[in-house]
Undergrad: 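Just passing along the structure, written as structure tokens.
One-based numbering, in listed order, for ligands and for the atoms of each.
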Amino acid sequence: MANRILGLHHITAIAGNAKRNFEFYTNVLGLRMVKKTVNFDDPGTYHFYFGDETGTPGSILTFFPWEGIGQGHTGTGMATGIGYSVPKDSLAFWSDRFTKFNVKQDEIAERFGEQFLHFKDPDGLDIDLVVPTNEDKRQPWKTYEVKASVATKGFHNITLTLKNVTPTATILTDILGYHLLKQEGNRYRFVTDAIENASVVDIIEAPGLSPGYNAAGTNHHVAFRVKNDTILMDYREKIVSKGLGITPKIDRDYFFSLYFREPGGVLFELATDNPGFAKDEPVNELGTHLKLPKQYEPSRAEIEKVLPQLN
Ligand code: ZN
């Protein structure tokens, strides 16, 4: 089991305003900011990581907040929906909370026998709160307003929208160890039995839909989880052998990564459990300091000056 793909590691999306993004995810949704750093390729902008207490893989939603980037739109060739797992009987709480905070939401609905509540974050990112069929035993991060009885427990699924299900399904089944669980209309549900949670990938097949545009309110990439960087490099071999282009191993400070574009157009990443977010600040202080990769530490004063204020 240990050498398999262990479901989702993190999902990365794009936001416009940093302060609004920070306030929504920590206050309204009740997640913990587990790391506040900069975009390693663009150090004048933040990179936020939101998750559970320690940023357990499978709970981590990350954002690049780019002021003034403009609105993206969903379409084919991208991840179009994030599903968070929530406790049974919590959806009424969330619906009331979203009303209170003027969050755009739909009625509670059902898919694959699971109740869910769809809402949009302040940039228009599509998120579902899902009550999974099997009880989710993960410990949630809780806040004063979002108690453990209703708090999100990490991811349930990611949804990809694609012109054609087959080429991407082949990557999921032949390389990443998923299998087709069921189909409802044009939605195909793939699952891995390598891990209990964050184990679902849904594909919506939409041949007539135009491609998405990646800017605020859309997902940038989807990262799958592996235990360590030895296993990561084994997967690199497997992906290369399928004829796909893939990056070398990249040190992201809190994990090691590989990136490849799957045939449906979605940017996939494989990311490791090691070394984790407690690498450079204690668990009880995660997310409270601006952490910079060492190449930018000499420029800290300039970077802090250009980054937007969050408080
Ligand atoms: Zn990533």
Undergrad: Hydrophobic clusters here meaning ILVMFWY residues chained together by side-chain heavy-atom distances under 4.5 Å, can you tell me if Leu181 and Val130 are in one?
TA: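 Each belongs to a different hydrophobic cluster.
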Undergrad: Which atom, among the N/O/S set of Glu269, is closest to the Zn ion (ligand 1)?
TA: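 This turns out to be OE1.
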Undergrad: Verify the distance criterion only: is there a donor paired with an acceptor across the side chains of Gln71 and Thr218 at less than 3.5 Å?
TA: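 No, because no side-chain N or O of Gln71 sits under 3.5 Å from a partner of the opposite role on Thr218.
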Undergrad: For the Zn ion (ligand 1), what is the closest N, O or S atom on His221?
TA: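 Distance check against the Zn ion (ligand 1) picks out NE2 in His221.
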Undergrad: Are the ring centres of Tyr49 and Phe277 closer than 6.0 Å?
TA: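 Centroid separation for Tyr49 and Phe277: below 6.0 Å.
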Undergrad: Check this for me, if you would: do Glu302 and Lys305 make a salt bridge, where the nitrogen-to-carboxylate-oxygen distance has to be below 4.0 angstrom?
TA: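 Looking at Lys305 together with Glu302, the answer is no, because their closest N to O distance does not fall below 4.0 Å.
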Undergrad: Using a cut-off of strictly less than 2.8 Å, determine whether His10 has an N/O/S atom near the Zn ion (ligand 1).
TA: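 Of the N, O and S atoms in His10, at least one lies under 2.8 Å from the Zn ion (ligand 1), which means yes.
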